[in-house]
Amino acid sequence: MSMVTTYLSWALLVLGGFLCVSGSVGLLRFPDFFTRMHAASVTDTLATGMILVGLMLQAPTWIVFGKLVMILVFVLLTSPTAGHALAKAALHSGLKPLLPGKGGKIDADPRPSAGGV
Amino acid sequence: MFTAAAIAVLVAMALALVRAYAGPTLYDRILAVNVFGTKTVLLIAIVGFLTGRPEFLDIVMVYALMNFITVIGILRFFEYSVSHASANSETIKEQ
Amino acid sequence: MKIQTLSLTLLLIIFWLLNSGLFKPLIFILGAFSVVLVLFISSRMKVIDEESQPLHLTKNIPAYYAWLLKELVMSNIKVVSTIWQGHLQLQPALTTIKMDHLSDMGKVIYANSISLTPGTVTTDVTENSITVHALDKSSITDIQSGAMEARVRKLDN
Amino acid sequence: MESFIHIIILSMLVTTAAAIVRVKDLFAVTMLAGIYGLLSASFFVLMDAHDVAFTEAAVGAGISTLLILTTLSMTGRFEKAAENPKSNYKPALALTLVTVTGALLIYGTQDMPAFGAADAPVQTHVVPRYLNDSATEIDIPNVVASVLASYRGYDTFGEVVVIFTAGIGVLALIMSTVSTAPVALRASMEEHVILRIVSKMLIPLILIFGLYVQFHGEYGPGGGFQAGVIFASAFFLYAMLFGLTAARKVVNSNWVQALAALGVLLYGSVGVLAMINGGNFLDYNFLAQDDVHGQHMGILFVELGVGITVASVMIIIFFTFSTHQQRDGEPD
């Protein structure tokens with residue numbers, strides 16, 4: 001394996017790990033279910049993709065590579081579907097999303113730096 | 001590098017656990033479990049490489065499939081219980 | 001035999017070989033048996049049709065995914081920067097957007113692409129509209145511009 | 001470094017367990033139990049127990065969550081005991097019992113050998129034989145499979161019978177309260193276009209993956225138990241989306257019940273066949289001309305029997321539960 005793929009793989013793993021943590025921080029910080037959902041989808045898509053591609057670059061055999069590809073395809077197919085089903089169910093059961101008034105913004109985090117950087 | 005990624009995933013798991021415990025609505029909990037499942041997929045995949053035995057990917061595949069079925073099952077459960085007087089107290093029922 | 005059955009058979013064989021990676025006579029026999037059994041159950045379940053085997057998409061899908069990947073990265077950067085904001089100020093929105101007729105498959109690709117990009121989630125799909133919850137109002141404007149819809153439409157035909 | 005990860009996962013396990021005790025909403029408990037399953041599977045992977053992790057992945061985190069939920073929909077979502085003064089709710093008694101048992105267990109660990117110690121009984125008793133001779137006696141890469149299906153064939157036979165009995169138990173308990181009148185089911189998720197199409201794509205792949213796990217138990221993690229659960233879960237997904245009536249058309253209940261028994265029968269027959277050929281019960285060496293071939297055949301059929309029984313029993317339990325739940329859930 002060349003140095004380039006190794007470095008690329010490391011970069012993807014670290015970046016993916018950072019996105020994972022970001023997604024979960026968003027899951028904690030955001031004010032209501034619907035906004036949290038957006039934070040969760042950060043980790044489901046790009047973070048999963050980056051980490052799995054990072055692993056693919058270091059796959060020792062073609063079988064491992066193939067399995068990682070299949071896992072990625074499954075995740076990319078199922079996670080938006082599950083997310084959509086969840087959002088639809090929540091909305092239909094009467095859970096109201098938090099929405100700002102005309103032109104206003106939600107000041108969701110009155111204490112700066114709480115749970116943040 | 002695998003270790004760094006594994007620790008990042010673990011931190012993310014711990015945060016999702018807090019959300020699963022705190023709720024407040026049941027949909028938050030379902031979301032947290034779903035996120036937790038995705039994290040487990042990643043953790044097991046990384047750990048497989050960390051220990052140099054990537055054949056664990058079969059387990060990861062099972063998770064990727066099971067996670068979906070579980071979420072659908074949970075949602076299905078609520079379709080039944082809405083008509084079943086025990087509608088949840090945390091969300092407002094549809095008028 | 002329907003073309004969909006053929007493509008599913010091929011898919012199942014590839015899936016088996018990729019997972020197994022063993023080239024032994026016994027495993028081949030068991031694999032053939034498994035493929036036949038799955039085909040039998042699938043046809044009883046009536047899940048083999050153009051919905052589950054969208055062959056008409058195969059030609060244009062790589063270009064679409066390349067474009068979607070770019071969108072994915074852009075919206076990820078946006079959402080991640082919102083998450084790490086010191087002082088959270090959000091403008092979430094829930095909007096129903098009109099759209100012209102799409103096939104069921106087209107709807108699935110469209111809705112899932114919207115859900116896949118962070119910052120937007122499809123909450124409902126009907127015959128001529130799609131309801132989207134967005135973390136930020138600007139994402140709604142992006143969808144309303146119709147760039148994604150046009151691409152899905154091109155794919156669908 | 002690895003022990004650091006162990007500590008993190010173990011402390012998350014403890015936290016989850018504490019949360020499960022504290023939360024009163026049984027639905028939240030189910031969700032947390034699902035997380036507990038996911039965590040224990042990760043821990044098993046770290047401990048190199050990948051067959052156990054595989055089972056936990058399929059059963060603990062997936063199917064049991066579904067089954068607990070269907071049970072909840074029959075019983076109600078909140079713990080009632082605490083509010084009702086007349087109930088026999090005595091937490092102090094249970095707590096004392098648990099504390100004493102826990103203290104005894106911790107006291108007991110004092111006498112246990114250190115983890116991984118070379119002179120521990122687990123390393124000196126029968127395990128060396130399994131590890132050293134499995135390659136020549138049975139000749140399959142996954143020693144766990146050879147222990148499970150061959151060296152400990154009796155135990156596994158017992159387990160299959162237990163699962164079969166559980167299926168019969170569920171049928172006997174719940175069927176008696178359900179009339180056999182056909183239930184009109186609204187397949188409410190069928191008009192859910194996205195779920196419908198994605199699931200249609202997934203179902204054949206889940207089925208073939210289940211069969212792959214079934215037939216590769218000798219080479220990697222997996223085998224009849226896990227395969228049965230994965231295979232059955234495809235039917236669960238189908239039933240949840242297209243309704244029970246449609247699912248019952250695909251799989252005839254009588255066939256499934258017959259198959260559940262057939263799996264156990266297949267396992268037993270392999271044992272009897274070995275006896276007919278002059279060996280002991282389940283001694284696969286007598287199944288073919290040479291020992292290794294006999295072992296291979298024996299394990300293949302025994303695992304198949306396990307898979308058939310597990311899948312059928314899972315389908316029986318899920319269908320019976322859902323039928324019951326549907327009748328209860330029907331608006332008056």
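Predicted model, so just to flag it, every value in this text is computed and none were measured. Chain identifiers are assigned alphabetically (A, B, ...) following the order of the sequence lines, protein sequences preceding nucleic acid strands; residue numbering begins at 1 within each chain.
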- Output, in order, the C-alpha distance, side-chain angles, deciding distance and verdict of side-chain contact (heavy atoms from CB on, under 4.5 Å) for A:I51 and B:V9. CA-CA 10 Å; A:I51 290 183; B:V9 172; 4.2 Å; yes
Side-chain donor-acceptor contacts of residues 36-43 of chain B below 3.5 Å, not counting sequence neighbours, with atom names and distances?
{"from": "B:T38", "atom 1": "OG1", "to": "A:D44", "atom 2": "OD1", "distance (Å)": "3.1"}
{"from": "B:T38", "atom 1": "OG1", "to": "B:N34", "atom 2": "O", "distance (Å)": "2.9"}
{"from": "B:T40", "atom 1": "OG1", "to": "B:F36", "atom 2": "O", "distance (Å)": "2.7"}

- Message: Just verifying a value: how many Å separate A:R29 CZ and B:L15 CG, rounded to the nearest 0.5 Å?
- Response: 12.0 Å
- The single option from A:L86, A:D32, A:L91 that satisfies side-chain contact (heavy atoms from CB on, under 4.5 Å) with B:Y27 is A:L86
- Residue by residue, which of residues 8-16 of chain A have a heavy atom closer than 4.5 Å to a heavy atom belonging to chain B? A:W10, A:L13, A:V14
- Query: Taking side chain as C-beta onward, heavy atoms only, is A:V64 less than 4.5 Å from B:L57?
  - Reply: yes
- A:F33 and side-chain contact (heavy atoms from CB on, under 4.5 Å): which partner among B:L26, B:D28, B:I30? B:D28
- Message: Among A:I71, A:L28, A:V21, which residue has the highest count of heavy-atom pairs closer than 4.5 Å to chain B?
- Response: A:L28
- Task: Might you point out which heavy atoms bring A:V75 and B:A64 nearest each other, and give the distance in Å?
- Result: CG2-CB, 4.4 Å
- Query: B:I46 versus chain A, heavy atoms under 4.5 Å apart: side chain, backbone, both or neither?
  - Reply: both
- Hey, could you give me the OG/CG distance between A:S24 and B:L10, rounded to the nearest 0.5 Å? 11.0 Å
- Task: Check side-chain hydrogen bond (donor to acceptor under 3.5 Å, both in side chains) between B:R19 and all other residues, then give those that pass, not counting sequence neighbours.
- Result: none
- For A:S22, the side-chain hydrogen bond (donor to acceptor under 3.5 Å, both in side chains) test, sequence neighbours excluded, returns C:W84
- Inter-residue atom distance A:K67.NZ - B:M61.CE, 0.5 Å rounding: 6.0 Å
